[in-house]
There are 2 protein chains.
Amino acid sequence: MKVIRKAKEIQDIATQFKKQNKSIGFVPTMGYLHEGHISLIKAARENDIVIASIFVNPLQFGPNEDYEAYPRDEERDIAKAKEAGVDYLFVPEVTDMYPNEPMVSMKITDRVDVLCGRSRPGHFDGVITVLTKLFHLVQPDRTYFGKKDAQQVAVVDALITELNFPVELVSVPTVREEDGLAKSSRNVRLTKEERANAVHLYQALREGNKLVVNGEKDPSVVISKVKHHIEHHSSGEIDYVEVLSYPALKYIQTIKGRVILAVAVQFKNARLIDNLIIEAEG
Amino acid sequence: MKVIRKAKEIQDIATQFKKQNKSIGFVPTMGYLHEGHISLIKAARENDIVIASIFVNPLQFGPNEDYEAYPRDEERDIAKAKEAGVDYLFVPEVTDMYPNEPMVSMKITDRVDVLCGRSRPGHFDGVITVLTKLFHLVQPDRTYFGKKDAQQVAVVDALITELNFPVELVSVPTVREEDGLAKSSRNVRLTKEERANAVHLYQALREGNKLVVNGEKDPSVVISKVKHHIEHHSSGEIDYVEVLSYPALKYIQTIKGRVILAVAVQFKNARLIDNLIIEAEG
């Protein structure tokens with residue numbers, strides 16, 4: 001595996017592979033790699049070449065968010081990426097990605113005012129801007145995102161579709177602990193007791209899923225059930241429980257077709273999210 | 001030459017050529033092709049494949065501008081494009097380029113509040129949005145623009161640089177009539193008398209150029225000279241005469257390095273523009 005620091009260099013490498021008709025799979029990350037990322041890299045091995053990037057993108061952090069404090073461990077990430085099968089790891093400096101005051105700005109106006117986007121205004125504008133740049137540098141045939149960040153998947157889907165990127169979006173199933181808890185770098189911040197009842201996020205989603213599979217059409221009934229389960233089994237405070245169409249992420253009166261059931265719960269030192277995408281009848 | 005109507009189809013064609021390591025030259029136009037466009041197409045023949053597009057992009061017209069009235073002559077354009085050496089002419093419908101309400105918007109905040117951009121707020125936002133889509137569809141190695149629209153060249157340069165498009169921008173010299181008047185579809189709208197004195201736009205630019213070459217450093221002296229020449233030789237009304245750094249398009253106190261000297265003159269039924277890019281000393 002080669003570590004590439006310069007935008008120009010990764011673009012030249014990608015261009016050469018395109019000329020050789022090699023397919024490129026791309027896994028953009030902010031580093032601090034965990035098993036979720038590894039599963040994306042492994043999925044990307046269906047291509048001839050796998051490029052991953054590690055870039056903590058300042059543009060997608062709000063003024064009161066933890067850009068500076070975001071966890072970084074480059075040495076460990078390089079070892080993990082290599083082991084997982086990355087061919088080129090792109091690790092640019094901020095000054096190389098944003099060398100001057102921005103002249104062009106991008107904004108996503110749909111699929112963002114719900115779920116986690118509601119409390120992070122501008123976050124997804126930063127995400128689509130950096131992804132546009134990275135897609136142009138890496139020129140992937142396919143790019144890989146985790147279903148755990150379902151809203152991000154929906155936003156990337158909008159970006160690719162709307163601007164006609166020649167890139168296929170592949171969304172990869174959430175990796176879970178044995179008891180069902182979705183893997184996350186933040187899980188280590190849970191106390192022992194919190195860790196024990198964090199599994200109830202997933203349990204609650206399964207309860208909700210069961211209702212829908214059994215024919216429940218009313219989102220509020222499903223939401224109540226999920227909230228009730230979490231409140232009775234966990235010390236965390238519910239940030240949201242939502243049922244939306246997917247990937248359009250619209251509020252719905254009636255559950256039909258593809259929907260997302262998503263939760264966010266704030267524990268003392270960690271905010272956990274999880275979701276299920278459900279194919280409902282109708 | 002093949003005429004392609006569907007975005008998906010031109011993207012598939014371009015992707016196939018990329019896989020065969022064929023270089024693609026791209027000439028985006030709004031149609032009504034004249035010798036300026038033909039010179040772009042001929043320049044693009046340095047690539048293996050030449051793709052041109054004809055699309056009157058509604059997004060770059062203001063509410064009071066002439067989107068509906070913009071001249072269109074598809075049959076003639078197809079004949080001209082074929083004769084000039086286009087391999088694939090992409091002529092999409094508006095509904096194929098913009099199938100639904102936009103979810104992503106792009107804005108260019110630099111290089112636009114000067115020259116023609118000053119009187120066309122939002123115009124270049126529409127330009128960069130459609131070019132982003134077209135670049136993703138056509139996947140060109142090189143794209144060709146005329147120096148006559150110098151601000152557009154500067155904006156495309158900003159777009160490509162800032163978002164790291166893997167595309168080389170080639171700007172092609174302005175095609176002129178024998179007497180020096182820059183070729184434009186609008187020239188036919190001039191009266192015989194106006195046509196006779198329209199040559200003085202170019203003459204005035206040459207006067208200004210001579211001053212700079214002879215060491216004049218003060219933009220206002222150059223601007224006065226150019227205005228004076230146009231006012232005394234032409235019935236048209238001056239919209240602007242500007243001297244700016246190029247391609248940054250900043251107002252300057254002192255003429256040095258690369259600058260643009262640009263004019264816009266309103267005749268009765270046609271607004272003409274012209275410019276010279278000058279390499280000044282210092």
Side-chain angles (χ1 to χ4, degrees), chain A residues 6-8 10-24 92 96-112 124-125 127-139 141 154-168 247-249, chain B residues 6-8 10-24 92 96-112 124-125 127-139 141 154-168 247-249:
Chain A
K6 293 287 172 198
K8 178 78 176 65
I10 196 73
Q11 191 169 48
D12 288 346
I13 289 167
T15 299
Q16 286 310 313
F17 282 121
K18 301 301 282 184
K19 289 189 181 195
Q20 294 162 33
N21 193 17
K22 302 284 189 195
S23 61
I24 297 175
D96 196 36
M97 290 297 283
Y98 303 112
N100 35 40
E101 273 298 289
M103 298 186 282
V104 173
S105 67
M106 298 179 70
K107 201 169 169 53
I108 175 152
T109 49
D110 199 21
R111 306 186 175 185
V112 293
F124 286 113
D125 298 337
V127 170
I128 63 169
T129 304
V130 79
L131 286 178
T132 294
K133 291 169 69 72
L134 289 169
F135 288 167
H136 290 160
L137 292 171
V138 172
Q139 302 165 66
D141 295 82
V155 163
V156 177
D157 170 68
L159 174 69
I160 287 177
T161 305
E162 175 120 347
L163 295 183
N164 307 98
F165 277 93
V167 178
E168 183 190 340
L249 302 186
Chain B
K6 292 288 171 198
K8 179 77 177 65
I10 196 73
Q11 191 169 48
D12 288 346
I13 289 168
T15 298
Q16 285 311 313
F17 282 122
K18 301 300 282 183
K19 288 189 182 195
Q20 296 163 32
N21 193 17
K22 301 284 189 195
S23 61
I24 297 175
D96 196 35
M97 290 296 283
Y98 302 112
N100 35 39
E101 273 298 289
M103 296 185 282
V104 174
S105 67
M106 298 179 69
K107 201 168 170 55
I108 174 151
T109 50
D110 199 21
R111 306 187 176 183
V112 293
F124 286 113
D125 298 337
V127 170
I128 63 169
T129 304
V130 78
L131 285 178
T132 295
K133 290 168 68 72
L134 289 169
F135 288 166
H136 290 159
L137 292 171
V138 171
Q139 302 166 67
D141 295 82
V155 163
V156 177
D157 171 68
L159 174 70
I160 287 177
T161 306
E162 176 120 347
L163 295 183
N164 306 97
F165 277 94
V167 178
E168 183 190 340
L249 301 187

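Each chain gets a letter, A, B and so on, in the order the sequences are listed, and its residues count up from 1.
- Of the atoms belonging to A:L137, heavy atoms from both backbone and side chain fall under 4.5 Å from chain B.
- The nearest pair of heavy atoms linking B:K133 to A:N164 is NZ-OD1, 2.8 Å.
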Only pairs under 3.5 Å count here: list side-chain donor-acceptor contacts from residues 155-163 of chain B, not counting sequence neighbours, and write none if there are none.
{"unit_1": "B:D157", "atom_1": "OD2", "unit_2": "B:R111", "atom_2": "NH1", "d": "2.8"}
{"unit_1": "B:T161", "atom_1": "OG1", "unit_2": "B:D157", "atom_2": "O", "d": "2.7"}
{"unit_1": "B:E162", "atom_1": "OE1", "unit_2": "A:M103", "atom_2": "N", "d": "3.0"}
{"unit_1": "B:E162", "atom_1": "OE2", "unit_2": "A:M103", "atom_2": "N", "d": "2.8"}
{"unit_1": "B:E162", "atom_1": "OE2", "unit_2": "A:V104", "atom_2": "N", "d": "3.2"}

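- In terms of the ring-ring contact (aromatic ring centres under 6.0 Å, His included) criterion, residue partners of A:F165 (sequence neighbours excluded) are, by chain and number, A:F135, A:H136, B:H136.
- Counting heavy-atom pairs closer than 4.5 Å to chain B, the top residue among A:T109, A:N100, A:L134 is A:T109.
- Residues that satisfy the side-chain hydrogen bond (donor to acceptor under 3.5 Å, both in side chains) test with B:S23, not counting sequence neighbours, are B:D48.
- Neither the backbone nor the side chain of A:P99 comes within contact range of chain B; no heavy atom of the residue lies under 4.5 Å from a heavy atom of that chain.
- Taken from CD1 in A:I128 to OG in B:S105, the straight-line distance is 7.5 Å, to the nearest 0.5 Å.
- Heavy-atom neighbours of chain A within the stretch residues 12-22 of chain B, taken at a separation under 4.5 angstrom, comprise B:K18, B:K19, B:N21.
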